[in-house]
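Every value quoted in this text rests on a predicted model; they were computed, and no experiment measured them.
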Amino acid sequence: MQAIHIEIPREIVLSLKIPQQRVRITLLEELAINLYAQDYLSFGKARKLAGLSKWEFAERLGKRGIPRHYNEDDLEEDLRFANDDISLRD
């Protein structure tokens, strides 16, 4: 699948109260947070869209009072990660 490009009229971009050098990154972060909050994207995909680490994205969600969606798949992924981490120490 190809990337999707969204056009935002220049007058809208110029009216944003965001420094010009941060417009793209801020819009991607806002989109990612909102898609996650509405359960359209998983945590991992949303943080990737936002270009943030797990901790940075979780912090952004927390500041907005957006709860983490946590299901069995997330638990299994966390357990696999934890088990891999433990086996690396042995």
Side-chain angles (χ1 to χ4, degrees):
M1 178 178 271
Q2 294 185 354
I4 295 175
H5 299 277
I6 300 172
E7 288 189 36
I8 300 172
R10 184 162 178 71
E11 66 185 63
I12 301 296
V13 173
L14 293 174
S15 69
L16 292 170
K17 294 176 174 78
I18 303 169
Q20 279 304 121
Q21 67 272 20
R22 294 212 27 96
V23 168
R24 184 178 187 282
I25 198 162
T26 301
L27 291 177
L28 285 172
E29 187 176 310
E30 291 298 319
L31 178 61
I33 289 170
N34 282 288
L35 290 174
Y36 177 78
Q38 295 179 52
D39 208 17
Y40 290 131
L41 273 182
S42 68
F43 182 88
K45 296 293 185 189
R47 75 164 191 86
K48 186 174 182 180
L49 176 61
L52 299 170
S53 71
K54 283 182 178 182
W55 310 116
E56 291 168 328
F57 193 67
E59 179 182 47
R60 302 293 200 294
L61 295 176
K63 284 182 179 178
R64 293 172 186 227
I66 299 171
R68 281 256 341 239
H69 312 152
Y70 200 78
N71 59 32
E72 288 182 34
D73 292 336
D74 296 324
L75 176 60
E76 287 176 19
E77 182 180 338
D78 286 347
L79 290 172
R80 277 195 307 275
F81 178 77
N83 287 333
D84 288 345
D85 190 42
I86 290 170
S87 67
L88 291 174
R89 291 186 205 163
D90 293 339

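Considering all non-hydrogen atoms of both residues, E30 and N34 come closest at O-ND2, 2.8 Å. Shortest non-hydrogen contact noted between L41 and Y36 is O-CD1, 3.4 Å. The shortest heavy-atom contact between K54 and F43 is O-CZ, 3.5 Å. When every heavy atom of A50 is checked against every heavy atom of E29, the shortest pair comes out as CB-CA, 4.0 Å. Taking all atoms of both residues into account, the shortest heavy-atom contact from V13 to Q20 is O-OE1, 4.1 Å.
Residue L14 is not grouped with residue I6 when hydrophobic side chains (ILVMFWY) are merged at heavy-atom distances under 4.5 angstrom, including chains of intermediate members. Linking Ile, Leu, Val, Met, Phe, Trp and Tyr whenever their side-chain heavy atoms come within less than 4.5 Å puts L49 and Y40 in one cluster. In the hydrophobic clustering of this structure, I8 groups with L16; members are Ile, Leu, Val, Met, Phe, Trp, Tyr whose side-chain heavy atoms approach within less than 4.5 Å, directly or through other members.
Under the side chain to side chain donor-acceptor pair (under 3.5 Å) criterion, S15 pairs with no residue, sequence neighbours left out.
Put simply, the side chain of Q38 never gets that close to the backbone of L35: no donor and acceptor are under 3.5 Å apart. No donor-acceptor pair under 3.5 Å is formed between the side chain of R47 and the backbone N or O of F57.
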Verdict with supporting geometry, R64 and E59, salt bridge (charged side-chain N to carboxylate O under 4.0 Å, His left out): CA-CA 9 Å; R64 293 172 186 227; E59 179 182 47; over 6 Å; no
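Other residues, nucleotides and ligands contribute only 12 or fewer heavy atoms inside 6.0 Å of the CD1 atom of I25. A 6.0 Å sphere centred on CD of E11 holds no more than 12 heavy atoms belonging to other residues, nucleotides or ligands.
Atoms CZ and CG, from R22 and L27 in turn, are 10.5 Å apart once rounded to the nearest 0.5 Å. To the nearest 0.5 Å, atoms CZ (R68) and CG (L61) are separated by 8.0 Å. Interatomic distance, R80 CZ to N83 CG, rounded to the nearest 0.5 Å: 10.0 Å.
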